[in-house]
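Some notes on the structure that comes next.
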Amino acid sequence: MMRYEGNERLADETACAGVRADLKMCLLESDCCKMGKTPRQCLQDNNVPAECQVLRNTFYECKRSLLDNRQRFRGRKGY
């Protein structure tokens with residue numbers, strides 16, 4: 001998870017933006033992307049570290065909670 005110091009904030013203020021940014025950075029720092037593949041190709045090949053897999057699942061759950069009416073009372077998952 002990325003930590004922001006001081007008044008530093010993400011430009012994207014939409015729901016699940018923090019999880020999306022962390023997933024993006026995790027994928028870009030992975031060995032798969034450093035070999036010249038795109039993050040999408042790395043995810044499709046399932047060739048990413050376990051930390052990125054966890055962030056991918058968290059991002060999925062966050063997006064899913066936006067559509068689930070039962071989650072309106074519980075709040076969004078993720079950060």
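Counting begins at 1 with the first residue of the sequence. The figures here come from the full heavy-atom set of this structure, side chains too, leaving out hydrogens, waters and symmetry mates. None of the values given here were measured: they were computed from a predicted structure.
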Rounded to the nearest 0.5 Å, the SG atom of C16 sits from the CD atom of E61 at a distance of 10.5 Å

Restricting to side-chain contact (heavy atoms from CB on, under 4.5 Å), what partner residues turn up for C42, sequence neighbours left out?
C32, C33, K37, V48

Output the distance between atom CD (Q44) and atom OG1 (T38), rounded to the nearest 0.5 Å.
7.5 Å

Identify the heavy atoms of C26 and L55 that sit nearest to each other, and give their distance.
CB-CD1, 3.9 Å

Test item: K63 and F59 side chains (from C-beta on) under 4.5 Å apart, heavy atoms
yes

Nearest 0.5 Å please: distance from the CE atom of M25 over to the OG atom of S30.
11.0 Å

Identify, with sequence neighbours excluded, every residue that meets side chain to side chain donor-acceptor pair (under 3.5 Å) alongside Q53.
N46

Straight-line distance of L43 CG to Q41 CD, nearest 0.5 Å:
10.5 Å

The reported gap from SG in C62 to CG in N57 (rounded to nearest 0.5 angstrom) is 11.5 Å

